[in-house]
Structures are given as structure tokens and as C-alpha cells.
Participant: 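Quick one: structure below, then a few questions.
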Amino acid sequence: MIRINENFLKLQSSYLFSEIAKRVTAYQAAHPEQEIIKLGIGDVTRALPPACIRALHAAVDEMGADSTFRGYGPEQGYPFLRDKIARFDFQARGADIQPDEIFVSDGAKCDIGNIQELFATDVRTAIPDPVYPVYVDTNVMAGRSGRFEADRYGAIVYLESTADNGFIPALPEAPVDLIYLCFPNNPTGATITRSQLAEWVAYARENRALILFDAAYEAFIRDEALPHSIYEVQGARQVAIEFRSYSKTAGFTGTRCAYTVVPRDCIAYDREGHAHSLHALWNRRHTTKFNGVSYPVQRAAEAVYTVEGQCEIRSLIDAYLQNAALIRQEMDALGYRSVGGENAPYIWVAGQTDSWAFFDLLLKKAGVVCTPGAGFGRCGQGYIRISAFNSFDNVQKAMRRIRAALTE
Ligand code: PLP
């Protein structure tokens with residue numbers, strides 16, 4: 001008898017975005033004249049940078065001639081891209097990362113899910129609350145979560161991010177082995193300082209734990225003092241894996257390219273306490289189960305590091321940050337406490353009421369869709385997430401409507 005992985009039965013239905021869609025559809029059916037502005041989902045809206053498009057076209061042409069055609073490439077990514085990543089994204093910021101420590105992939109989401117194959121099912125896992133839901137759900141699938149009771153999984157240690165701790169969770173009281181951190185954060189938009197990050201690295205070193213550091217929104221950092229990578233912290237190489245993505249950095253959500261950094265000296269242990277190289281394990285897993293990202297897409301990602309590419313992604317992100325600044329300024333002016341939006345595309349607003357009630361109010365009175373914070377975890381209750389991914393015109397219009405709705 002073929003049997004299922006019963007851990008899947010413990011998953012909670014992905015209620016958040018389906019419930020949003022249901023409420024928006026119902027409202028739209030009742031008010032067909034109302035134009036809805038979506039500031040909910042975290043997908044980008046602006047076109048790929050011209051430098052990437054030129055590189056894509058050129059690479060597609062290469063694939064059309066026998067003399068320049070490429071078949072299977074290296075699973076870990078082409079050297080032309082791995083070299084640039086190491087140089088521009090890490091060495092330029094004083095982080096000692098080498099090209100052979102970069103694993104190019106088709107998405108940070110896949111890598112974040114897949115990396116867990118390297119770890120035992122009974123490691124103690126610490127996950128932030130509120131959180132990007134992929135961290136929780138992939139641990140549930142892997143059998144690491146325990147039962148779901150009273151809105152939480154029994155075996156997960158929740159790292160609470162609240163206004164009281166400035167949305168930077170405190171170190172766990174009980175020892176944990178696997179730690180998820182995400183900065184700039186989705187959904188809160190909060191950032192972490194170098195010294196706060198250093199505390200986590202010290203914790204991981206002392207407890208022989210591992211940090212999975214999600215830096216998918218790194219490109220939004222404008223404050224020079226903030227770290228872009230966990231490897232800017234001394235001692236992180238042994239205890240951290242970092243995830244990066246071109247999705248938000250360069251508008252690649254539909255094009256697909258990302259990478260994971262696994263330093264050569266990053267280690268985990270067997271049951272006897274012997275150390276093993278996670279680089280070797282991940283290399284084995286990646287080469288066995290992944291065929292690499294397509295050549296044209298890697299050429300497009302490489303173009304991000306040209307002079308024009310750097311300029312173009314900067315203005316792409318500046319445009320979203322301009323939206324974010326306006327949203328933050330307007331919500332502050334209306335008397336709502338908020339965080340994020342300065343070095344991140346998300347603004348996390350304390351709604352002065354239940355998350356879904358605030359969501360409904362903005363939908364029905366302003367025709368604006370946000371994301372109820374409660375959908376990201378218990379600590380998100382009372383908050384909404386507003387995303388800056390839209391045109392400036394739409395954001396201006398949305399904020400005018402929100403102001404009218406909240407001051408009437
Ligand atoms: N990590 C975080 C925190 C995200 O918000 C997202 C996408 O929204 C991802 C990772 C996924 O990135 P990718 O598009 O590379 O899979």
C-alpha cells in the first residue's frame with residue numbers, strides 16, 4: 001500500500017492569500033464601479049532592467065547557433081556569475097566569500113525549503129513570528145513541527161518580534177539547533193544592526209547551532225551602517241548559510257534566479273558529535289537533484305553587476321522605496337505606529353484593531369488591499385502589512401483614499 005507523508009496532514013491551509021482573494025472578489029462583485037488598488041502581495045510590478053534584457057537577448061541568440069550553443073551547465077552555476085556574486089555582493093563589503101561557495105538556483109524559496117534535507121528531523125528549530133510562511137510549512141512537511149494546537153506547532157520555538165523588542169527577536173531561552181532569521185524582514189520591514197546580528201552568530205557558535213539567514217531584501221538597504229550579509233560578522237562562516245534572490249533586487253520574480261551561500265567551513269554534526277561540511281553535503285544534494293539555472297537567465301543575472309545594471313537596479317529599488325516612504329509618512333501622519341519602509345519594501349502598521357477588521361475597513365472604505373498581519377503568525381495580530389510594490393501614481397491614489405477613509 002502506497003502511503004503518504006502524514007506530516008502534510010499537519011499543514012494548516014494557506015488561508016491568508018485565499019481569504020484575501022475571496023474577500024476582494026466578493027467586494028468587487030458588490031461594487032463593480034470601485035477600482036481596487038493592490039498593496040498586498042509581495043510581487044514586483046516594474047520591468048526588468050534594460051541591461052538584463054540586452055544580456056538575455058544576446059544569450060538567446062547564442063543558443064541559436066551551433067558554435068555558441070550550451071547544453072547542461074554546471075549545476076552550481078556558471079563561473080561568470082559566481083565570480084561576480086562573490087566579488088560584488090560579498091568581497092566588496094569585506095565579507096570573505098569565494099565563488100565556489102555560491103550555489104546559483106531558481107529561487108530562494110526552493111533553496112530555503114530544500115536545505116532542510118541536510119538536517120536531522122529532530123533538531124530543535126527556531127522560527128520568527130511573524131514570519132514568511134515558507135519557513136514554517138517546510139518544517140512541517142519535514143516532520144519537525146510537532147502537532148498544531150492553539151495556533152502554534154508544539155515542537156517549534158517561536159522567536160517573537162514585537163514592538164517591545166523593536167521587531168528583533170531575543171535569543172531563545174531554551175537551546176535550539178536551527179535558527180531562521182530574515183533581514184530586512186518580511187513581513188515587518190525591520191532591519192538588524194551589525195552588533196545585534198553578532199549576538200546571534202555568537203549564540204550559534206556557543207550552541208553549535210546553524211543560522212539560515214534570508215537576505216532576499218538586502219538590496220533595499222540604504223542605511224550605510226546596516227549589514228547586507230551575515231558574513232560581514234566575524235565568525236559567521238562556520239555557523240550560517242545565506243539566501244539571496246534576484247526576485248526583488250532586479251525584478252526577477254517571473255524570470256527566476258537566486259543563490260545560496262554555503263561557506264566551505266560551515267559545519268553540522270552527526271549523532272556522535274563529529275563535524276561534517278555542509279558545503280560538501282549541499283553540493284552533493286544540489287548536483288544530484290538540480291540541473292542548474294538556464295544559461296540566458298544566468299547571463300541576465302550577470303548583467304546586474306555591469307555599470308549600467310548597477311545603476312538600473314538602484315533606480316528600480318529607489319522607486320519602490322519612494323512608494324514605501326510615502327506610505328510610511330502618511331500612516332505616521334494619520335497617527336498609526338509603523339515600522340519598515342526605510343530599508344525594506346514593507347511597512348508594518350499597528351492597526352489599532354484586529355488585523356482582518358483593519359483589512360476590511362481599508363478594502364471597503366478605500367478600495368485598497370493590504371495583507372492582514374495575523375496571517376503571518378500570532379504576533380502579527382493587530383497589524384497589517386502594506387507593500388510598496390506598485391506604481392507611484394497608484395500609491396499616491398491609495399494613500400489619498402486611506403487618508404479620507406481614516407479621517408472621515
Ligand atoms: N524570502 C523571503 C523573505 C521572501 O519574501 C521571498 C519572496 O517573497 C523569498 C524568500 C522568495 O524569493 P524567490 O522569488 O527567490 O523564491
Side-chain angles (χ1 to χ4, degrees), residues 14 16-17 20 38-46 48 52 77 81 85 89 102-116 127-139 159 161 167-169 179-192 211-221 228-230 240-261 286 290 292-294 297-298 300-301 304 313 316-317 320 324 339-341 343-348 370-371 373 375-377 379-380 385-390:
S14 55
L16 178 62
F17 290 105
I20 292 174
K38 294 191 173 160
L39 298 180
I41 300 193
D43 194 3
V44 294
T45 53
R46 296 170 70 94
L48 287 175
C52 299
L81 178 56
I85 291 171
D89 289 348
I102 313 283
F103 293 84
V104 177
S105 78
D106 59 355
K109 178 162 145 180
C110 325
D111 286 351
I112 289 164
N114 293 333
I115 199 84
Q116 292 179 67
I127 299 184
D129 178 354
V131 73
Y132 174 54
V134 172
Y135 310 157
V136 177
D137 286 355
T138 52
N139 274 287
L159 302 172
S161 311
F167 301 96
I168 309 291
I179 300 159
Y180 288 78
L181 293 178
C182 172
F183 291 103
N185 190 265
N186 176 15
T188 68
T191 50
I192 194 163
I211 299 171
L212 298 179
F213 189 72
D214 185 345
Y217 296 96
E218 159 277 333
F220 289 79
I221 297 175
H228 289 237
S229 165
I230 195 163
I241 289 175
E242 182 165 309
F243 304 94
R244 294 272 187 110
S245 172
Y246 296 97
S247 284
K248 312 296 158 75
T249 303
F252 273 52
T253 52
T255 308
R256 308 307 311 145
C257 197
Y259 64 86
T260 290
V261 186
H286 202 71
F290 187 61
V293 173
S294 78
V297 168
Q298 291 194 59
V304 161
I313 63 162
L316 192 69
I317 292 167
Y320 293 130
V339 61
N343 297 283
Y346 300 119
I347 298 91
W348 189 240
C370 64
T371 313
F376 296 102
C379 294
R385 186 191 76 175
I386 306 183
S387 150
F389 294 123
N390 211 317

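FYI, the numbering just counts along the sequence from 1. These figures come from a predicted structure and were not determined experimentally. Just so you know, ligand 1 is whichever comes first in the structure, and atom 1 is the first atom listed for that ligand.
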Participant: May I ask you to decide if the ring planes of Y135 and Y132 are parallel, tilted or perpendicular, using 30° and 60° as cut-offs?
Facilitator: perpendicular
Participant: Dump the pairs for me: ligand 1 N or O, protein N or O, distance under 3.5 Å, to 0.1 Å.
Facilitator:
residue  : atom   : partner : partner atom : Å
ligand 1 : 1 (N)  : D214    : OD1          : 3.4
ligand 1 : 1 (N)  : D214    : OD2          : 2.6
ligand 1 : 5 (O)  : N186    : ND2          : 2.8
ligand 1 : 5 (O)  : Y217    : OH           : 2.7
ligand 1 : 8 (O)  : Y217    : OH           : 3.4
ligand 1 : 8 (O)  : K248    : NZ           : 2.9
ligand 1 : 14 (O) : S247    : OG           : 2.6
ligand 1 : 14 (O) : R256    : NH1          : 3.2
ligand 1 : 14 (O) : R256    : NH2          : 3.2
ligand 1 : 15 (O) : A108    : N            : 2.8
ligand 1 : 15 (O) : S245    : OG           : 2.6
ligand 1 : 15 (O) : S247    : OG           : 3.4
ligand 1 : 16 (O) : A108    : N            : 3.2
ligand 1 : 16 (O) : K109    : N            : 3.0
ligand 1 : 16 (O) : R256    : NH2          : 3.0

Participant: Hey, can you tell me if Y320 and F220 have their rings parallel, tilted or perpendicular (30° and 60° cut-offs)?
Facilitator: tilted
Participant: Hey, are the side chains of L39 and C370 touching, using non-hydrogen atoms and a 4.5 Å cut-off?
Facilitator: no
Participant: Would you call the rings of Y246 and F252 parallel, tilted or perpendicular, where under 30° means parallel and over 60° means perpendicular?
Facilitator: tilted
Participant: Considering only heavy atoms from C-beta outward, does the side chain of V293 approach that of R256 to under 4.5 Å?
Facilitator: no
Participant: For the CD1 atom of I192 and the CZ atom of F183, what is their distance to the nearest 0.5 Å?
Facilitator: 4.0 Å
